[in-house]
*Asks:* 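Here it is, the structure in full.
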Amino acid sequence: MTRESAHQTAGLNWKRELALSLLTALWLGLLTGPLLVCRLNPTDGSIVYRWPLLFYVAGGGFILSSVWRLLLARRNLRRRRAEVALQGPKRTWVDLLLASRRRCQGLWLVMLFLISLPFWASPYTVNILITALIYITLGLGLNIVVGVSGLLNLGYVAFYAIGAYTYALLNYYFGLGFWLCLPLGALTATILGLLLGFPVLRLKGDYLAIVTLGFGEIVRLLLTNMEVTRGPRGLANISPPGLFGLDLNALVKPRLLTWLPLDPNMDMNKVFLFFIMLALVVLTILAVFRLENSRLGRAWLALREDEIACQAMGINRVRAKLTAFALGATWAGLAGVVFASQVTFINPTSFTFMQSVMILSIVVLGGMGSIPGVIIGALVLILLPEELRAFADYRMLLFGAAMVLMMVFRPGGLIQSVRQVYLYQPAQPPDKGQS
Amino acid sequence: MELFRDLFISGLTKGSIYALIALGYTMVYGIIALINFAHGEIYMIGAFTALIASVILGQLGLAGWGLLISAGAVAAIYAAMYGLTVEKIAYKPLRHSSRIAPLISAIGMSIFLQNYVQLAQTPNFLIFPDLVPEIDFLAPIAHIVNKNQLIIWLVTIFLMAALTLIVKHTRLGLAMRAVAQDRDMARLSGVNIDRVISATFVLGSALAAVGGLLIGCYMQQIDFYIGFLAGMKAFTAAVLGGIGSIPGAVLGALVLGFAESFAAGYISSDYEDVVAFVLLILILIVRPGGLLGQTQTQKV
Amino acid sequence: MRKIGAMLLALAVTLPPAGLLMAQAGQETLKIGYGGALLGNLASYGLSGFYGMEYAVLKANAQGGLLGRQVEIIREDDGCDPALASSAAAKLTGSGVKLVLGHTCSGATASALSVYGQNMLLISPSATEISLTEGAGNPYFFRTIMRDDAQADLQIEFVKKRGYRKVAILHDKGDYGKALADRAKAGLEGSAGGPEVVLFEGVTTGQVSYDAVVSKLKNSGAEVLLWGGYYSDASKLATQMRSKKVATVIVGADGLKNEGYLKMAGEAAEGTFATGPADLSQSLKKPVRASEALADHQKRHPTEEIGPYFFYSAAAIEALFSAVTKAGSATDLAAIKNHLQNDDVETLLGPVRFDAKGDIVGSQAVMFEIKGGQFVEVEL
């Protein structure tokens, strides 16, 4: 930051800033006073006073407020400059990295790394990565609905649940296997997506949001209440995917243990699942990428930008919306089937509104409409709470704060999808002899 | 017939509480087109603050109606402060961003507040004393309408009337309506947008806090999670009635309260939430703007 | 395609957990794990189990530790969510732990067990679902809490013996509550000419008011209400029932039988019945050990209740440590299992032993009634 910009951001008036920070600290102290200091005792309703906390809050508040104000000023300055200079969103090092010519080699490196992972990492890492891959699939699916088509869906978890329960129910009652249920789960989710699409055709923006939220809740409540799904007691002992009926742990593991630094606790079924999920994610990325660049994809983009213009241009709005919902649901269904086989026990508590919120956050935080953004968003959002386990009790608190901070400082997401921008430039002076 | 009467009363009570919270949602939405997910948590914070205030004030010697009203006032003030702070931190910086960024920010704030109270206080359930004093003339019919229910209705009516008064007959109300209608024109007309938005949050939060206090007295129990379900239901109610419309929020809340009550009574408690959401979807299909909402014609 | 950024980020976030595994050197402390709800709306139950474990572990450490080493608790939150439980279980597996106490909820326990498999020993103070100890899948799973059927059967017997004809059954739609309710319903409907189930419904917990279901209860004319769920919701039901002058008798299970119920329901608690294990009540009457545990806990956490599972989890740890000491190893699961099943260990719950399926032996369900603000054991 140059000297002049430093002056511009902080303002020449240090005293004013300090005074404001002090006021903020006082305000925060007053605000959090009752709840932090006066701790209620659940057993007898008395109050335990913890005055030292007040000083921590005031002190911390002062520091945080100064930092906050500084960062905010810098952000606003950056924006003003960008506006004036007629630039689009600034291309950061991530954007440049992604556009580099070496990206194919980079891609191969990543794949090799991931394929080798189960053979030296811990079962925990593999488990977490399977979850992350599932959420990548979910994020990409929701990206079609929210990111590309601009249809705010707050009940996406319903399709996820349908996929998982399809497999769980078929497995529990009829003993059907993973491979058969994978397409079936996707199919039921797609049908449900279509069913959701019909009533919401006329709704706009936030009304669409609340209806989809209601839909998600309805599905969860039906799953809780219906006898056939065993409600909250859930369905257990869901079979993991099989490879021609072979017992992977008995056959493959001993050989691998001698040659590779394999963790003895590793379950080979989970490793198999990991590879399946990896393949699925690659397929999903390819599919979504092709979809976005097709006629349908462009119809979706048009839908997001301006529905009326879209219709005026002759795009069938109904078809675009329905396909968006249906296709978006398909991937949730697939992810659901894999999820059921990963945790081998499902009940409705895994499919709450908070889950929809998480998936939506992945799409928004990663960058709406951008595939690499969603992938990174999923990785960050899944791995972050796990990393934060170190903070134990404060995990979710920090997570909430992180969400707010992300939005304030980078509302376009980690990797903003940079659309083609056409700038008007004054024409070159004509050649001699032409006017 | 008895069942109908009981269910009607319970529906009215539920609807009143939903109304107090829904008003906050609808006012904020009308002004800045944001679904304030953190609003349910403000309701919860109001309940907690009321409990703490009641213990401290009780020790200072207050009792009866005085204790109830002062606890309510303290809760309302603190909730208003929280609402203000949340707005300044999470929503104000995003006022010129896309529509979805403040939504995510609101959700993050909601998670933050929930965990903040859980950690600062306790994850256990807390006993909430029934601060509403005995109402003698109600004694004979206390098993039909009890004093808490009556107080909830009266307070809700009173606050709604007060709010309507503010919105229709004060300068602040005029400013709020102006900003809701057309923000830029309002600014050009000299309205201080920041103040108006802050005032909206203050009013909405105070209402929610009173709701929290009343529910605490009624259920005699609170915990850090109550904001979640109540918030979602109230939000549904606001949308049902037409989000952005104050009478709509109240109507929607009452409709929702009655629907849930009768569904639980005549169909099954299992499905009362399902009924609520199905009702919402049906109403929105028929009237996409909600019951009292204006279907806005889009100009191109 | 552009995945370089993804690659870098993936590297950055996966290496630390992988690195954790690599860096396991010889430890001085003996690590045991705790998996349960430490965050989220069921946290009070998870913390209850943790506090019991903490008490027992600290006591053991003060007396020289286990196998000569100090015991360290590695705790992981699962929020009672099966998916998180699976991840928490995987984390514990990779932390050098072989013995785990948890998980809080039956669903989460089932999910965690699929991760633990044959490699870890899990002992639960609170998971009551019957299927957890049925079937061959879980050789190293034990629990100090009774299964759902024990309590539901006792409730049914109570209803029949007291001559009630109309029974209402409500539950909280949770895995514990619904299992109890289902079992009770099946038992009542199975007996021809027996009591009639006039109402069977799930109540949404955490909602604004329970008026509607209470009105429905009144309308159904039920004489007795079997409640499948926890004390917090039961107390709300009780107070609202009293204020509406609904005279139905409430019968709950161990989820209701809790000091918290007495405080929250206040006057309305009088006359409520609840099933619970006999040993526990007796040790509460023998003041020394239980009150010593309580006092110890109060010193550490002055504002936290012990909750419903404190004694179960403390007893679980005591039994486990005894078995480990006798087996001479903290990793030989078969030997530990042998001792758990064959030796009686004196714990806070009384003498504890486990049967072939992993359930606690000799823990009889008894009926209690709230008389004069206390839980008193009564005859059926």
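Lettering of chains follows the sequences in order, A, B, ..., and the numbering in each one begins at 1.
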*Asks:* Using non-hydrogen atoms only, which part of C:S106 is less than 4.5 Å away from chain A: side chain, backbone, both, or neither?
*Replies:* neither
*Asks:* Heavy atoms only: give me the nearest C:A110-A:F345 pair and the separation to one decimal.
*Replies:* CB-CD1, 3.8 Å
*Asks:* Does some side-chain heavy atom of C:S114 sit less than 4.5 Å from a side-chain heavy atom of A:V343?
*Replies:* no
*Asks:* Taking atom CD of A:Q355 and atom CG of C:D81, what is their separation to the nearest 0.5 Å?
*Replies:* 6.5 Å
*Asks:* I need the single residue from C:C105, C:C80, C:P82 that forms a side chain to side chain contact (heavy atoms under 4.5 Å, CB included) with A:T349. Which is it?
*Replies:* C:P82
*Asks:* Can you tell which part of A:T131 gets under 4.5 Å to a heavy atom of chain C, answering side chain, backbone, both or neither?
*Replies:* neither
*Asks:* Do A:N225 and C:K173 have side-chain heavy atoms sitting under 4.5 Å apart?
*Replies:* yes
*Asks:* Is A:L221 in contact with chain C via its backbone, its side chain, both, or neither, using a 4.5 Å heavy-atom distance?
*Replies:* side chain
*Asks:* May I ask you to check whether over 12 heavy atoms, not counting those of A:R290, lie within 6.0 Å of atom CZ?
*Replies:* no
*Asks:* State, to 0.1 Å, how close A:N127 and C:A90 come at their nearest heavy-atom pair, and which atoms those are.
*Replies:* ND2-CB, 3.4 Å
*Asks:* Just how far is it from atom CZ of A:R230 to atom CG of C:D182, taken to the nearest 0.5 Å?
*Replies:* 9.0 Å
*Asks:* Got A:I128 and C:S87 here, is their nearest side-chain heavy-atom distance under 4.5 Å?
*Replies:* yes
